[in-house]
Amino acid sequence: ELQNFRPTKAVIDLKAIQSNVSNLRKHLHSDVHIMAVIKANAYGHGDIRVAEVALKAGATMLAVATPEEALHVRQFIADAPILILGAVPVHFAPYAAKYNITLTVFSTEWLEQVAALAPQFEKPLLIHLKVDSGMGRIGVRTAEELHAVYEAAQLENVIVDGIFTHFATADEEQTTFYEHQLATFKKLVASLPKKPRIVHAANTAASLVKEHVQFDAVRFGISLYGLSPSPYVEEHLPYDLRPAFSLETELVHVKQLHKGDTVGYGATYEATEDEWIGTIPVGYADGVIRALANQEFLVQGMRAPIVGRICMDQIMIKLPKKMSVGERVVLIGKQGNDEITMQEWASRLNTIVYEIPCMLTPRIPRVYKA
Ligand SMILES: Cc1ncc(COP(=O)(O)O)c(CNc2conc2O)c1O
């Protein structure tokens, strides 16, 4: 395929992914499965390459968010079970059965409509029942709802293969709500006539810092990529995480400004003395949004702040000294003795690290370091 001409790229370190999975493998009880959560194009890291490495390093299942993601992954990964974590329309059920995609189910109406299609399924449809133990998103909330869905799922060509819930506060120090969710979930699972094969509840935070919540599988997302779900979890990690994602580019123009010269739309930045300014080929159409104003990037291991407004495709930075066109600029990652972390971006944008790799658009090619 065509090579990349623009020097802006995200470099994904597959050894970091491999290390994060194999460390989790050692951390978990040996009979607990690792479900690699690769939704949203593996949190912006590239779902197929991440899935291949994760499966080789000890994951046995994959989780995505949408039918389209599941079909895309199944085109490249023939065997691993793929669970769609979100709701899917009834008319997707025949495709799920055909392509061995496991669905999340929590509605009797959904099952009643699928009942009409099930006899024609090419293969049995695997489903996991979803319990809303407090996340307040999707799922059954009471024993009677759970039993109604369980009964409605007793269909030819439908197999209740799992049951799961999702924690809203596992990444926080406060455990009251988390304990309430865990107790609710355990009670509901115990109320079923038969335990489904795969019971799962833990996300990264619960997998890393909570006890007795591993059940039959854990759903491992953010720390698969070497990122921490929260500062609290970061302070209590059972092993070091290796961030897999770095973002880099090169200077495409360098000039010296004199006192009073201005930079960018609105002429919002004014040089206070002779200053060296670099221009880099990346902007808000790449997901480096305008709210990131004043973020620093690294050149020769030194910090260079954005000056002037972020443009759609270009950004100006104030260089610590005269530099040449072609000089490498690190927007996320290490250079010399310094590092620009995703957490630094997230703090500046008043968001969480999860959002950063997801917001970087496909115009930034993801290249892989094996
Ligand atoms: C149902 C479910 N399970 C597991 C995970 C993985 O969580 P982790 O990345 O903390 O390990 C998510 C992440 N869902 C989301 C992450 O950010 N917003 C979300 O809705 C999820 O929605």
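Numbering of ligands and ligand atoms starts at 1, following listing order.
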Starting from [atom], which protein heavy atom do you reach first, and at what distance in Å?
| atom | result |
| --- | --- |
| atom 3 (N) of ligand 1 | R219 NE, 2.8 Å |
| atom 11 (O) of ligand 1 | T204 OG1, 2.6 Å |
| atom 20 (O) of ligand 1 | R137 NH1, 2.8 Å |
| atom 7 (O) of ligand 1 | N203 CB, 3.6 Å |
| atom 17 (O) of ligand 1 | Y354 CD2, 3.6 Å |
| atom 19 (C) of ligand 1 | K39 NZ, 3.6 Å |

N/O to N/O below 3.5 Å, does that happen between G221 and ligand 1?
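Between G221 and ligand 1 (N or O atoms, distance only) the closest approach is under 3.5 Å.
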Compute the shortest N/O to N/O distance between L85 and ligand 1 and return yes if it is under 3.5 Å, no if not.
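Among all N and O atoms of L85, none is under 3.5 Å from an N or O of ligand 1.
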Does K98 qualify as a cation-pi partner of F121, given the criterion of NZ or CZ under 6.0 Å from the six-membered ring centre and within 45 degrees of its axis?
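No, K98 does not sit over the ring of F121.
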Measure from NZ or CZ of R74 to the centre of the six-membered ring of Y99 and say whether it is under 6.0 Å with the direction within 45° of the ring axis.
no
Donor + acceptor pair across side chains of E234, S230 (<3.5 Å)
no
Suppose I only count heavy atoms of I222 and a 4.0 Å limit; which atoms of ligand 1 are within that range?
8 (P), 9 (O), 10 (O), 11 (O)
For Y43, take its heavy atoms, then give the atoms of ligand 1 lying under 4.0 Å from any of them.
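It comes down to these atoms of ligand 1: 6 (C), 7 (O), 8 (P), 9 (O), 13 (C).
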Are R6 and D313 ion-paired here, with the side-chain N under 4.0 Å from a carboxylate O?
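No salt bridge links R6 with D313.
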Carboxylate-amine/guanidinium contact E270 K318, below 4.0 Å:
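Looking at E270 and K318, the cut-off is not met.
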For atom 1 (C) of ligand 1, which of H200, M35, H166, E355 has the closest heavy atom?
H166
For the rings on F185 and F215, is their centre-to-centre separation under 6.0 Å?
yes
Do R328 and V299 make a side-chain contact, defined as non-hydrogen atoms from C-beta onward lying under 4.5 Å apart?
no
What is the ring orientation for F164 with H200, classed by angle as parallel under 30°, tilted 30 to 60°, or perpendicular over 60°?
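Ring orientation, 0 to 90° scale: parallel.
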